[in-house]
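To start, the structure under review is shown below, and the notes come after it.
Note that the structure is a prediction, hence the values are computed from the model and not measured. Note on naming: letters A, B, ... go to the chains in the order of the sequence lines (proteins, then strands), and numbering restarts at 1 for each one.
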Protein chains: 2
Amino acid sequence: MSDERGDRPYLKRFLRGRRGGNIAPDDLAALEAAAQGEQTYRSRAIVVRAGSPVTNSTLLLEGFMCRYMDDRAGHRQLVAIHVPGDFVDLHGFPMGWLDHDIGTIGSVRVANWAHSALEEVLEHRPRLTRMMWFSTLLDAAMHREWVFRLGRLDAIGRVAHLLCELEVRLDMVGLAENGRYHLPLTQADLAEACGLTGVHVNRVLRSLRERELLLFRNNEVTILDKAALRALAEFDPMYLYGDPPDR
Amino acid sequence: MSDERGDRPYLKRFLRGRRGGNIAPDDLAALEAAAQGEQTYRSRAIVVRAGSPVTNSTLLLEGFMCRYMDDRAGHRQLVAIHVPGDFVDLHGFPMGWLDHDIGTIGSVRVANWAHSALEEVLEHRPRLTRMMWFSTLLDAAMHREWVFRLGRLDAIGRVAHLLCELEVRLDMVGLAENGRYHLPLTQADLAEACGLTGVHVNRVLRSLRERELLLFRNNEVTILDKAALRALAEFDPMYLYGDPPDR
DNA sequence: CGAAATCTTGAACAGCCTCAACTTTCGTGG
DNA sequence: CCACGAAAGTTGAGGCTGTTCAAGATTTCG
């Protein structure tokens with residue numbers, strides 16, 4: 001699975017590790033060929049604004065991006081964090097525009113597809129269309145889990161759950177090793193994803209460290225006790241639709 | 001828009017009121033013809049279990065349904081509420097199974113499509129496929145708004161926001177009038193959707209009543225001051241992708 | 001009509017927030 | 001390479017929002 005896409009520089013991580021994520025070689029080649037080329041954005045850049053027309057879609061190749069909404073006071077709520085291999089704004093393809101902003105976290109490298117080109121490629125490829133559809137529904141499944149996280153878990157559970165999710169997703173695309181991964185989020189960013197304040201996230205991280213469950217220092221997460229952390233977070237990666245060996 | 005589908009008993013409410021929700025007549029006819037017929041479920045029934053294979057998809061014709069997940073203690077978190085015209089488990093078509101349970105709230109009437117029949121209809125209908133895809137992305141947009149609601153609003157804002165959302169969605173399908181609509185939820189159900197306790201939802205409803213913003217009695221919601229309620233809830237229906245006149 | 005579910009209210013508590021001050025790290029230009 | 005300012009992280013004290021527990025009132029439904 002990881003090698004057979006070595007010659008697909010853009011799509012090599014797309015749907016990697018997902019159950020049913022095997023795309024037929026000709027579909028994959030057609031999609032890869034329709035790309036417009038790659039692009040970079042600097043850290044903390046806004047890539048898509050809520051409400052403005054979206055005419056192309058972006059696959060994240062390197063780095064982290066997020067989707068977010070602001071409340072009246074201007075405080076952000078992150079609604080998604082994207083890792084390499086994610087189509088960050090494919091929702092804009094059937095929708096035409098987006099209800100939220102999309103921005104970068106660190107600096108990123110992305111690939112682009114014009115919607116017109118996508119339409120052409122997908123016109124006679126119902127299987128590939130369903131794969132793309134599937135990939136947007138993975139986002140929906142993560143959204144639901146985030147609703148659960150915010151609605152039912154306390155502060156420590158929320159932070160733990162998010163960091164468990166990222167470990168699995170990064171592991172699927174080969175960017176985590178033994179529960180260690182790079183994560184260029186500030187504590188304030190974590191707070192914006194977890195519906196907490198930065199101050200409280202700081203205390204939560206201290207508690208996780210003191211319980212010897214997890215470390216987060218220098219933009220690096222180290223999970224010390226995965227089983228205990230997952231128990232605390234009520235985390236079950238089922239909703240990520242991974243291949244059985246990855247679960 | 002509302003009349004031209006009068007002869008489509010199942011689909012007459014599907015994507016009604018949505019921007020870009022105009023389905024070509026032949027697509028609509030083909031989809032309607034592929035339905036397996038209708039079915040009813042009693043109140044508080046479980047329709048789909050998380051993790052079990054889904055081989056058909058369900059369009060809600062009458063009544064209310066919900067999607068939910070349970071925490072370790074057995075407490076529910078609702079992740080979606082469905083109204084007539086919603087394809088409640090279309091996510092199962094590209095996914096094959098679901099990460100959450102689906103149940104009824106009151107008693108309901110639904111129509112069913114076998115996935116094999118759907119596949120056949122959609123095989124050569126990329127436009128219709130994108131409409132179905134779009135309808136699942138409306139769910140995703142609502143999920144995101146629920147994340148925002150739970151992450152950034154206080155108790156009164158959360159309840160107000162949910163009831164604002166349901167007013168718009170029910171109005172789109174002709175089931176709300178002047179801010180009044182039938183809603184067979186208990187206060188405990190509302191609590192499960194808002195990440196609150198039933199006790200506190202009771203106090204919140206009292207506060208909304210005393211502020212003369214909204215009444216909820218006898219399974220009926222009456223919005224008394226829509227502008228003030230929306231302001232309190234930081235509610236903007238943009239994310240529901242409605243036709244401009246409905247916004 | 002009676003039982004069960006739902007709604008309502010009160011009192012005490014806990015978790016997270018706010019505000020504030022201080023420390024450490026990062027980034028940039030001299 | 002160092003110095004400096006800005007950003008990020010850390011810690012404490014006090015307060016508010018929503019929870020928990022409990023009891024009673026009301027409604028629903030068989």
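Each of A/D154 and B/N219 was assigned the nucleotide of DNA chain C with the nearest heavy atom; the assignment lying further toward the 5' end belongs to B/N219.
Side-chain atoms of B/R67 and B/D139, non-hydrogen and from C-beta on, do get closer than 4.5 Å to each other. A heavy-atom distance below 4.5 Å is not found between the side chains of A/I81 and A/M65.
A salt bridge links B/E167 with B/K226: the closest approach of a Lys/Arg side-chain nitrogen to an acidic carboxylate oxygen falls below 4.0 angstrom.
With sequence neighbours excluded, no residue forms a ring-ring contact (aromatic ring centres under 6.0 Å, His included) with A/F148. Judged as a side chain to side chain contact (heavy atoms under 4.5 Å, CB included), and not counting sequence neighbours, the contacts of A/S207 are A/I156, A/R211.
In this structure, B/R18 fails the cation-pi test against B/Y241, since its NZ or CZ atom is not both closer than 6.0 Å to the six-membered ring centre and inside 45 degrees of the ring normal. Annotation: cation-pi pair A/R76/A/Y68 present, NZ/CZ under 6.0 Å from the ring centroid and within 45° of its normal.
Note on A/L205: nothing from the nucleic acid sits closer than 4.0 angstrom, heavy atoms only.
The CG atom of B/L150 sits 16 Å away from the C1' atom of C/dC16 (whole-angstrom rounding). B/R152 has its CZ atom 14 Å from the P atom of C/dC16, to the nearest Å. Protein atom CG of B/N202 is 4 Å distant from nucleotide atom P of C/dT8, rounded to whole Å.
Using cut-offs of 30° and 60° on the angle between ring planes, the pair A/F87 and A/W113 is tilted.
Side chain of B/D89 to main chain of B/T58: a donor-acceptor pair is present (N/O by atom type, distance under 3.5 Å, no hydrogens or angles).
Listed by first then second residue, pairs satisfying ring-ring contact (aromatic ring centres under 6.0 Å, His included) with a partner in residues 181-223 of chain A number zero, not counting sequence neighbours.
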Distances under 3.5 Å between protein N/O atoms and the N/O atoms of nucleotides 18-29 of chain C, please, pair by pair.
from	atom 1	to	atom 2	distance (Å)
C/dT18	O4	A/R203	NH2	3.3

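A nucleotide of DNA chain D counts as in contact with chain B when one of its atoms lies under 4.0 Å from a heavy atom; the first and last such, 5' to 3', are D/dG18 to D/dT28.
Taking every heavy atom of residues 180-192 of chain A and every atom of DNA chain C, no pair lies under 4.0 Å.
Of the candidates A/V110, A/V108, A/L61, A/V47, A/Q39 forms a side chain to side chain contact (heavy atoms under 4.5 Å, CB included) with just one, namely A/V110.
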